[in-house]
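Protein chains get the first letters and strands the later ones, always in sequence-line order, with residue 1 at the start of each.
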Protein chains: 2
Amino acid sequence: MCLPLGLHAVDMTLLESVVKRKETYKRGQLLFRAGDRFDFIYAIRSGSVKTSVSTLDGRVQITGFHIAGELLGLSALASGQYSNEARALETTSVCRVEAERLDELAQKIPSLQYQMMKIMSGQIRQDEELMLLLGRRTAEERLAEYLLGLSMRFAARNYSPTQFRLTMSRGDIGNYLGIAEETVCRILTRFQNAGLIATKRRDVSLIDLRQLAAVARMAPAA
Amino acid sequence: MCLPLGLHAVDMTLLESVVKRKETYKRGQLLFRAGDRFDFIYAIRSGSVKTSVSTLDGRVQITGFHIAGELLGLSALASGQYSNEARALETTSVCRVEAERLDELAQKIPSLQYQMMKIMSGQIRQDEELMLLLGRRTAEERLAEYLLGLSMRFAARNYSPTQFRLTMSRGDIGNYLGIAEETVCRILTRFQNAGLIATKRRDVSLIDLRQLAAVARMAPAA
DNA sequence: AGCAATGCTTGATATAGATCAAAATATATC
DNA sequence: GATATATTTTGATCTATATCAAGCATTGCT
């Protein structure tokens, strides 16, 4: 099933009725753009997606990388328009829930709204973390934290937390972390020389999680 | 009334029953801290509040300044604990809604949950903007945008959009914008010399909104 | 298979803004 | 009302990271 919302089985069939199944996007394809009318909430089934916002003069800030089980489009609820754009990083399969039916549906399934609020609350918390990162951390800390964050998300989905493939480019990572592409490369090299990680292009192994956490100045990734 | 949620009159009386009225905080007092059990949603009646998150080693990032009509504590919903801390910048009066009664209440007033979702959705959007600011803008742009943002919020509340008092210190502003306190001062001086603003300590007048918007690289503040 | 396009890496140089230091002004305290 | 404390401002110097530049590796395309 598509939406990891912890609903009762009864509610599920109701929900199924508004979920349009299995849209697929190829690498580079847009799911939606900023300013588009709010049509759907998206849930990622497989693959990965980046979301971004931009200034009028064209500078872009990537605001998140999203993998299986995560929801997209929530910030459109307030205004009826998407505020960000979402683009597939690889072949990606999603479910979509029609926005219009969402109100109507929420009346019937109170727990749905509650779950969605929880998800949005979690999103706000995550955004606060990213602000802390962008405003207060050094480039090394950012990258170490980034790798550990990915690691934990993969772990939560029963993928290897120490070996994974980055679906985003160095440029995307740098943009997301507020540092230059070249700085990303240099620091990855530094980490590699220090024996913290091994990289080969987009494949990464985390070798010394404890020391990586020390660099990130976080608690060790339990 | 305290909560600007656009509810029906019928619902209002219900809501009143869970709203504890009129708590007041003095400058510097804490409303809640990160890690505290999630007790209340706060709505600001008057005054102003800063919210912040911190790293384990004590670095702080201010994530917002909040004025009358705004809600605090929403990000605690997901985990049952506040993720940030909130501190009064001046004498501040708030209403509090008990978190426990919120679930129960939401069942009775479907539109309440919907309104709260809209507010949270708006918060996510605002956070995205701040990320864009922290990740991609120069110090001058940040400060110009900051002043214009305040201006718009005051305008929306029928206060003067061109003359207001900053309730936060230069240090707070710098922290929020991800720049040093000294840089805030220098740039304010630069703006003043260029005839964009006038400052006297915490009192600010915006003189040339159009040019300020040009510096911020935003659309003119309609 | 071979070529083009894209993405990654490393090096050299430049700079925005941080940090350090200290004076000037305002606010709080007794 | 005087002294102490905190905030703001300005100046001098330093540094982390950006930018510019060029070569290398990989992937995709015909």
- Task: Could you check whether the rings of B:Phe164 and B:Phe154 sit parallel, tilted or perpendicular, using 30° and 60° as the cut-offs?
- Result: tilted
- Over 60° means perpendicular and under 30° means parallel, so classify the ring planes of B:Phe38 and B:Tyr82, tilted if in between. perpendicular
Around atom [atom1] of [X], are there more than 12 heavy atoms of other residues, nucleotides or ligands at under 6.0 Å?
X: A:Glu100; atom1: CD; answer: no
X: A:Tyr159; atom1: OH; answer: no
X: A:Arg27; atom1: CZ; answer: no
X: A:Arg33; atom1: CZ; answer: no

- Query: Which is it for B:Phe32 and B:Leu72 under the side-chain contact (heavy atoms from CB on, under 4.5 Å) test, yes or no, and what are the steps along the way?
  - Reply: CA-CA 10 Å; B:Phe32 53 82; B:Leu72 302 174; 4.2 Å; yes
- Query: Which pairs pass salt bridge (Lys or Arg N to Asp or Glu O under 4.0 Å) with one or both residues in residues 147-173 of chain A, sequence neighbours excluded?
  - Reply: A:Lys50-A:Asp172, A:Glu70-A:Arg153, A:Glu70-A:Arg157, A:Arg165-A:Asp203
- In whole angstrom, give the distance that lies between atom CG of A:Asp203 and atom C1' of C:dC8. 14 Å
- Between C:dG7 atom C1' and A:Asn175 atom CG, what is the distance in whole Å? 16 Å
- Task: Taking heavy atoms of chain B and a 4.0 Å limit, find me the 5'-most and 3'-most nucleotide of DNA chain D within that range.
- Result: D:dT7 to D:dA12
- Reading nucleotides 15-30 of chain C from the 5' end, what letters show protein touch, with B for base, S for backbone sugar-phosphate only, - for no heavy atom under 4.0 Å? --SSBB-----S----
